[in-house]
2 protein chains.
Amino acid sequence: MGVLSTFEIVAEPNRRRILDLLRVERRAVGDLVAELGLAQPAVSKHLRVLRDAGLVSADVDGQRRLYRLNAEPLRELDAWVAPYRRHWAKHLDDLERHLATMPDETPREHGVPQRGRTKR
Amino acid sequence: MGVLSTFEIVAEPNRRRILDLLRVERRAVGDLVAELGLAQPAVSKHLRVLRDAGLVSADVDGQRRLYRLNAEPLRELDAWVAPYRRHWAKHLDDLERHLATMPDETPREHGVPQRGRTKR
DNA sequence: GAGACATATGCCCGTCAAGGCATACGTCGA
DNA sequence: TCGACGTATGCCTTGACGGGCATATGTCTC
C-alpha cells in the first residue's frame, strides 16, 4: 500500500512527536496514546508506518509492545539538508545584494528587479 | 488553502528537485520546466507553494521570472534532525541486530523493562 | 496595436493519507 | 477456561494535494 519516503514519514506532525518521544526513552503504545491525545488505532497506524520505514522497532513485553527509536533512516534527511547549510550561513541579509551576481547570459539593461513579494 | 509546514513542502519530490536546482543557480520557470519534465502549470504551482513558504523568491526579468533559493526556512528541518544525529552515531551496533526488522519472534520472558537492557 | 512568448490561475479529477469506529488478535490474571 | 487488558487491523469517510487542461495576465518585438 502506501510506501512513503522518509521525507513523507516525517512530514506528519504526530509522527514527529512520536519520534521525539521515543528519542528520549522507550515507550509502550498506551503511553504514546496518552501523550499524543490521539485514539489508539491512529497511534498504532502511525507506528506501523514508522516500523515499515525502519524508524522504530517494537520489543514485545507481555501484552505490551515497547517501541524504540531507530534514527538511522533520518540520515537521508540530514544528508539532503546538508548542502543547504552553507546557504543560510552566508547570505542572510545581503541576500538582496546577491542580486548583483549575474546568473549568466542575457544582458539586462533594465537592471534588476524589485522584489516580487506575494500578496497574501 | 493549504498552508504547509516546511516539512510538508519538502516532502514533495519535485519540490526538492526544484530546490536542488535553485541551490546551484537562479533559474527561470521555463528552465525548470525543461529540467523537471513537468508541465509548466505544475511547476508554477510548486513555485507558488515554495514562495509562500519563503523558500524561494522571484526576480522579474522581462517576461521571465528568475527564481532563487532562500534556504533559511530549512533551518527548522535541520534543527529538528539535529538531536537525532547522536542516535545514529551511538546505536550503530544495535542497528545490525535490527536490520532484518521483520516480525521478530522475541522469546517472551518477562521482567520489567525500565530503560535498561532487560533481557539478554 | 497585434501577436508571440513566459508565467500564473482557475477548474476538474484521480488518488491517497489520516482518523474514527468496530473488531480481531494476543496476553495476562484469577 | 474466562474475561480484562493492550495492541493491531479492516472498513469507511473526508479532505487535500498533485497534475492536466484551458485560460487569464503580463511583457516583449515588430
Side-chain angles (χ1 to χ4, degrees), chain A residues 1-18 26-53 56-67 106-111 113-114 116-120, chain B residues 1-5 7-18 26-53 56-68 103-113:
Chain A
M1 299 293 275
V3 51
L4 305 182
S5 73
T6 306
F7 289 89
E8 293 167 303
I9 308 267
V10 166
E12 224 291 323
N14 290 317
R15 260 166 344 226
R16 281 201 303 279
R17 293 184 59 195
I18 291 179
R26 296 206 284 180
R27 300 263 194 174
V29 179
D31 208 352
L32 295 171
V33 170
E35 297 272 4
L36 297 176
L38 274 178
Q40 175 267 315
V43 174
S44 280
K45 283 172 194 171
H46 281 307
L47 288 171
R48 174 90 150 102
V49 172
L50 292 169
R51 235 185 317 153
D52 290 348
V56 303
S57 54
D59 299 322
V60 178
D61 169 53
Q63 41 186 355
R64 305 190 296 170
R65 316 231 165 150
L66 296 178
Y67 278 85
T106 321
R108 287 255 60 70
E109 79 257 6
H110 205 81
Q114 28 121 351
R117 203 62 187 101
T118 53
K119 53 176 182 178
R120 189 179 303 276
Chain B
M1 297 287 283
V3 52
L4 305 182
S5 73
F7 290 89
E8 294 167 303
I9 307 268
V10 166
E12 225 291 324
N14 290 317
R15 279 193 296 254
R16 282 202 300 280
R17 293 184 59 196
I18 290 178
R26 296 205 283 180
R27 299 262 194 173
V29 179
D31 208 352
L32 295 171
V33 169
E35 298 271 4
L36 296 176
L38 274 179
Q40 174 267 315
V43 174
S44 279
K45 283 173 194 170
H46 282 307
L47 289 171
R48 173 89 150 103
V49 173
L50 292 168
R51 237 185 316 154
D52 289 350
V56 303
S57 53
D59 299 322
V60 178
D61 169 55
Q63 41 187 353
R64 304 191 297 170
R65 314 232 165 151
L66 295 179
Y67 278 84
R68 62 185 172 84
D104 43 336
E105 297 295 343
T106 309
R108 164 183 57 277
E109 57 214 64
H110 47 270
V112 185

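Per chain, numbering begins at 1; letters A, B, ... match sequence-line order.
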* Structure fact -> Exactly one candidate in B:Arg51, B:Arg27, B:Arg26 meets salt bridge (charged side-chain N to carboxylate O under 4.0 Å, His left out) with B:Asp59; the answer is B:Arg26
* Answer yes or no: does a side-chain N or O of B:Tyr67 lie under 4.0 Å from OP1 or OP2 of C:dA6? => no
* To do: Would you work out how much the helix from C:dG1-D:dC30 to C:dA30-D:dT1 bends between its ends, with each end axis defined by five base pairs, to 10 degrees?
  => 20°
* Rounding to a whole Å, what distance do you find between A:Leu38:CG and C:dA17:P? -> 18 Å
* In whole Å, what is the span from the CD1 atom of B:Ile18 to the P atom of C:dT7? -> 13 Å
* Asked: Does any residue of residues 6-17 of chain A have a heavy atom under 4.0 Å from DNA chain D, and if so, which ones, in number order?
  -> none
What N/O pairs connect the protein and nucleotides 1-6 of chain D at under 3.5 Å? Give each pair on its own line.
from  : atom 1 : to      : atom 2 : distance (Å)
D:dC5 : O2     : A:Gln63 : OE1    : 2.8

* Would you kindly give the CG-to-C1' distance between B:Asp31 and C:dT7, to the nearest whole Å? => 14 Å
* In whole angstrom, what separates B:Leu36's CG from D:dG20's C1'? -> 16 Å
* Strand contacts (DNA chain C) in residues 39-47 of chain A, 4.0 angstrom heavy-atom criterion -> A:Ala39, A:Pro41, A:Lys45, A:His46
* Integer-rounded Å distance: C:dA8 P and B:Asp61 CG -> 13 Å
* Nearest-Å distance for atom pair CG/C1', residues A:Asp59 and C:dT27 -> 17 Å
* Asked: Which heavy atom of B:Leu38 sits nearest a heavy atom of B:Val33, and at what distance?
  -> O-CG1, 3.3 Å
* Using a cut-off of strictly less than 4.0 Å, decide whether B:Arg48 has a side-chain nitrogen or oxygen near OP1 or OP2 of C:dT9. => yes
* How close do A:Val29 and A:Leu47 get, heavy atom to heavy atom, and via which atoms? -> CG2-CD1, 3.8 Å
Which side-chain N or O atoms in residues 10-17 of chain B pair as donor and acceptor under 3.5 Å with protein atoms at least two apart or in another chain?
from    : atom 1 : to      : atom 2 : distance (Å)
B:Glu12 : OE1    : B:Asn14 : N      : 2.9
B:Glu12 : OE1    : B:Arg15 : N      : 3.4
B:Arg15 : NE     : B:Ile9  : O      : 2.8
B:Arg15 : NH1    : B:His46 : ND1    : 3.3
B:Arg15 : NH2    : B:Glu8  : O      : 3.4
B:Arg16 : NH1    : B:Val10 : O      : 2.7
B:Arg16 : NH1    : B:Ala11 : O      : 3.3
B:Arg17 : NH2    : B:Glu35 : O      : 3.2

* **Listed partners of A:Gln40 passing side-chain hydrogen bond (donor to acceptor under 3.5 Å, both in side chains), at least two apart** => A:Ser44
* Asked: Say you draw a straight line from CG of A:Leu32 to OH of A:Tyr67; how long is it, rounded to the nearest 0.5 Å?
  -> 9.0 Å
